[in-house]
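Here is the structure we will look at.
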Amino acid sequence: MPELPEVETVRKGLVTLVQDKTVAEVIVRWPKIIESPAVDTFCQKLIGQVINDIARRGKFLIFEFTDFDLISHLRMEGKYEYTPKNTEAPVDKHTHVIFKFTDGSQLSYHDVRKFGRMALVEKGQYPFYKGIKQLGPEPVEEEFSLQAFEKKLQHSSSLIKPLLLNQKVVAGLGNIYADEVLWLAKIHPQQPARTLTKKEAESLHQAIIAILAKAVRAGGTTIRSYKNALGEAGFFQVSLNVYGKTGEPCPRCETPIKKIKVAQRGTHFCPHCQKLKRRKLS
DNA sequence: CGCAATGTTCGAAA
DNA sequence: TTTTCGAACATTGC
């Protein structure tokens, strides 16, 4: 399940594999993946286009072509797989889009759940695309300011975990890292956001930056293995402290990790380190 | 067989 | 108007 670190790792892998390649043909086997424009237009427009660079914003990948930006979101299980020239490209029922390059190599998009989406927009227009234009800051020190974050917490009536999943607050956190970040900051996932103390907000802010940076450095988590697609490196296992560890001892205090549901999402936390605090609203 | 899982969008509710 | 909630989306795997 690609969250920011996985998408960033995919981006790096793609740059090394397909930068500067020219599209010869595009085949779409599952049209719903292409959000816009119409599928034939999408395929036609890409012919002859060169991939100048590949960028990322939140969990979105952006292929910067000569005249267009191709926005790609992997959602839950989207993957890219690269096939060198003179190699047989694997095509199965999960292969939905195939980009063939003029040098004989190709890039195919696979997605078991068919939830991923692609859209082609005019060059330079990706920041205005619906999912992207409303994204909050990238979770790195320079962009993600503590002041702005505290303000969002103060003014929100939601619980802290759903707030972290809201991409308008900070871009790139998903269900896995949201649990990890709350564990590190010792905050209960159901704590109302506006009841966090200044100290808690600060440690949460730090935890978000630290955990994502560490995961990016490590090359992304892998719940499931991500195939070779994206680069020789492969993916290291980032060690998770709470996500998927139901019943296992908390790495800090040995209390068994609990799993509950918060805003319809499976949520893992340590009932000893992360206590729900009853606080009067000021 | 029924349901959980996942991220985003959309429509409804507040 | 804005924010939040819940359904929908597609499919697999338990």
Side-chain angles (χ1 to χ4, degrees), chain A residues 1-11 28-36 56-62 71-80 92-97 109-119 121 126-136 138-139 148-149 151-181 189-195 208 212 215 220-227 240 242-247 257-269 281:
Chain A
M1 298 113 213
E3 300 182 28
L4 186 150
E6 291 77 22
V7 177
E8 178 60 16
T9 306
V10 169
R11 187 195 70 77
V28 175
R29 306 174 78 240
W30 190 262
K32 287 192 92 169
I33 301 282
I34 312 302
E35 207 158 61
S36 67
R56 180 193 57 74
R57 181 75 174 90
K59 303 172 198 168
F60 291 84
L61 279 170
I62 300 104
I71 299 156
S72 167
H73 197 299
L74 308 172
R75 294 285 182 96
M76 299 188 278
E77 300 213 25
K79 311 170 173 56
Y80 280 100
D92 60 26
K93 62 176 177 174
H94 303 313
T95 310
H96 306 312
V97 183
Y109 177 75
H110 302 251
D111 194 336
V112 172
R113 302 266 162 97
K114 296 177 174 167
F115 253 28
R117 292 292 178 263
M118 292 183 197
V121 299
Y126 83 79
F128 309 107
Y129 175 74
K130 71 176 142 86
I132 295 182
K133 68 177 176 214
Q134 49 188 2
L135 289 178
E138 288 287 316
F149 181 58
K151 206 163 182 178
K152 291 241 171 77
L153 296 180
Q154 287 299 316
H155 294 135
S156 170
S157 63
S158 93
L159 305 178
I160 188 61
K161 173 156 179 189
L163 179 133
L164 292 179
L165 293 174
N166 182 345
Q167 304 295 300
K168 291 175 191 165
V169 176
V170 53
L173 281 176
N175 203 37
I176 298 170
Y177 290 111
D179 283 0
E180 292 297 316
V181 150
Q190 288 174 307
Q191 191 71 43
R194 66 171 150 221
T195 66
I208 292 168
L212 292 180
T221 321
T222 34
I223 296 293
R224 303 209 181 169
S225 74
Y226 246 87
K227 279 218 151 166
L240 298 176
V242 280
Y243 186 89
K245 307 279 187 190
T246 314
I257 298 300
K258 236 176 128 173
K259 181 173 180 181
I260 57 172
K261 205 151 248 218
V262 179
Q264 286 90 246
R265 295 290 181 246
T267 298
H268 311 72
F269 73 107
L281 302 174

Atom pair distance, as rounded to whole Å: CG in A:L163 and P in C:dC5: 10 Å

Value in whole Å for how far the P atom of C:dA8 lies from NZ of A:K114: 20 Å

Under 4.0 angstrom between A:S157 side-chain N/O and C:dT3 OP1 or OP2: no

Closest to the A:V112 side chain, choosing from C:dT12, C:dC9, B:dG7: C:dT12

Atom pair distance, as rounded to whole Å: CH2 in A:W30 and C1' in C:dA10: 8 Å

DNA chain C contacts made by residues 257-268 of chain A, counting heavy atoms under 4.0 Å: A:Q264

Between C:dA10 (C1') and A:H94 (NE2): distance, integer Å: 11 Å

Donor-acceptor side-chain pairing of A:D179 and A:Y177 below 3.5 angstrom: no

Heavy atoms from other residues, nucleotides or ligands near NZ of A:K152 exceed 12 (cutoff 6.0 Å): yes

Atom pair distance, as rounded to whole Å: CG in A:L165 and C1' in C:dC5: 14 Å

Distance (rounded to the nearest 0.5 Å) between A:K114 NZ and A:I33 CD1: 8.0 Å

Length of the CD-C1' vector between A:Q167 and B:dT9, whole Å: 12 Å

Nearest-nucleotide pick for A:S158, side chain only, options being C:dA10, C:dT4, B:dG7: C:dT4

Interatomic distance, A:L165 atom CG to A:Q264 atom CD [nearest 0.5 angstrom]: 11.0 Å

d(CG, A:L159; C1', C:dC5) in whole Å: 11 Å

A:K59 versus A:L4, closest heavy-atom pair with distance: CG-N, 4.1 Å

Touch class at under 4.0 angstrom, heavy-atom based, for A:H73 against every strand present: sugar-phosphate

Candidate nucleotides C:dT12, B:dT9, C:dT4, ranked by approach to the side chain of A:R75 - the nearest: B:dT9

Any A:T267 side-chain heavy atom under 4.5 Å of A:K161 side chain: yes

Given C:dT11, C:dT4, B:dC10, the nucleotide with the shortest approach to the side chain of A:K130: B:dC10

Aromatic ring pairing A:H96/A:W30, orientation class (parallel under 30°, perpendicular over 60°, tilted between): tilted

Below 4.0 Å: OP1/OP2 of C:dA10 and any side-chain N or O of A:K32: yes

Whole-Å distance separating the CG atom of A:N166 from the P atom of C:dG6: 15 Å

